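Working notes, beginning with the structure itself.
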Amino acid sequence: MTDSELFKTLEKWHETKEKLSILEERLSKYKAQVAKEMNKRSVDKLSAGNFTVSRKRSTRTYLSKESVPESIWKEYATKCSFDVFTLVRK
């Protein structure tokens, strides 16, 4: 790969990252709108037209369990909960 080809590749990569960032912002906005409606209706599943979206709560724990004694793991492991949305076209 020449320097010119490398530059073009890196430039395209950068442009794609910027586009992805914009799309991720939009996606977050749509998820927030759907979550708000789910909360309003007190449901975890919505359908409209030929789409269905469902939400489930997921929890993750951060810390490498193998690298610490069990007592430390139990005392200091941090859990993070977040919503997971699944959109399905019928």
Side-chain angles (χ1 to χ4, degrees):
M1 181 181 284
T2 67
D3 284 348
S4 176
E5 291 169 331
L6 177 59
F7 175 77
K8 287 178 184 176
T9 299
L10 295 175
E11 188 174 46
K12 287 179 183 178
W13 183 0
H14 179 72
E15 290 171 2
T16 302
K17 278 181 59 178
E18 288 180 337
K19 290 176 185 177
L20 183 59
S21 177
I22 291 168
L23 292 173
E24 286 174 340
E25 287 177 22
R26 287 184 194 168
L27 185 58
S28 292
K29 180 179 117 181
Y30 299 141
K31 283 182 181 179
Q33 290 173 345
V34 170
K36 183 177 179 180
E37 187 61 26
M38 286 178 165
N39 293 339
K40 180 178 162 185
R41 296 183 187 192
S42 298
V43 298
D44 286 323
K45 188 173 188 177
L46 291 172
S47 293
N50 62 346
F51 290 101
T52 299
V53 63
S54 58
R55 168 177 66 180
K56 69 176 183 175
R57 195 73 167 152
S58 184
T59 301
R60 293 211 176 145
T61 302
Y62 297 93
L63 183 62
S64 177
K65 192 172 187 175
E66 296 79 26
S67 65
V68 296
E70 184 67 25
S71 60
I72 301 294
W73 173 260
K74 288 180 180 177
E75 187 174 350
Y76 294 104
T78 302
K79 291 185 179 179
C80 176
S81 297
F82 53 93
D83 293 331
V84 176
F85 292 90
T86 305
L87 177 63
V88 178
R89 179 173 274 180
K90 297 178 188 174

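Fair warning: this is a prediction, and the values are worked out from it, not measured in the lab.
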Point-to-point distance, once rounded to the nearest 0.5 Å, from CG of Leu27 to CD of Glu24: 7.5 Å

Checking Asp83 against Lys56 for the salt bridge (charged side-chain N to carboxylate O under 4.0 Å, His left out) test, could you report, in this order, the C-alpha distance in whole Å, the side-chain angles of both residues, the deciding distance, and whether it holds? CA-CA 6 Å; Asp83 293 331; Lys56 69 176 183 175; over 6 Å; no

For Phe82, does the CZ atom sit with more than 12 other heavy atoms under 6.0 Å from it, leaving out its own atoms? yes

Is it true that Val68 and Tyr76 fall in one hydrophobic cluster, defined by side-chain heavy atoms closer than 4.5 Å? yes

Leu6, Trp13: one ILVMFWY side-chain cluster at the under-4.5 Å cut-off? yes

Specify the closest pair of heavy atoms between Val53 and Val34, including all atoms of both residues, with the distance to one decimal. CG1-CG1, 3.7 Å

side-chain contact (heavy atoms from CB on, under 4.5 Å) partners for Ser21, two or more places apart: Glu25

Hydrophobic clusters here meaning ILVMFWY residues chained together by side-chain heavy-atom distances under 4.5 Å, can you tell me if Met1 and Leu10 are in one? yes

Scanning both residues in full, the closest heavy-atom pair of Arg55 with Val43 reads NH2-O, 3.2 Å

Nearest-0.5 Å distance that lies between atom CD in Glu15 and atom CG in Leu20: 13.5 Å

Looking at side-chain heavy atoms only, is the closest gap between Arg26 and Leu23 below 4.5 Å? yes

Taking all non-hydrogen atoms of both residues into account, name the closest pair between Arg41 and Leu46 and its distance. NH1-CD2, 3.5 Å

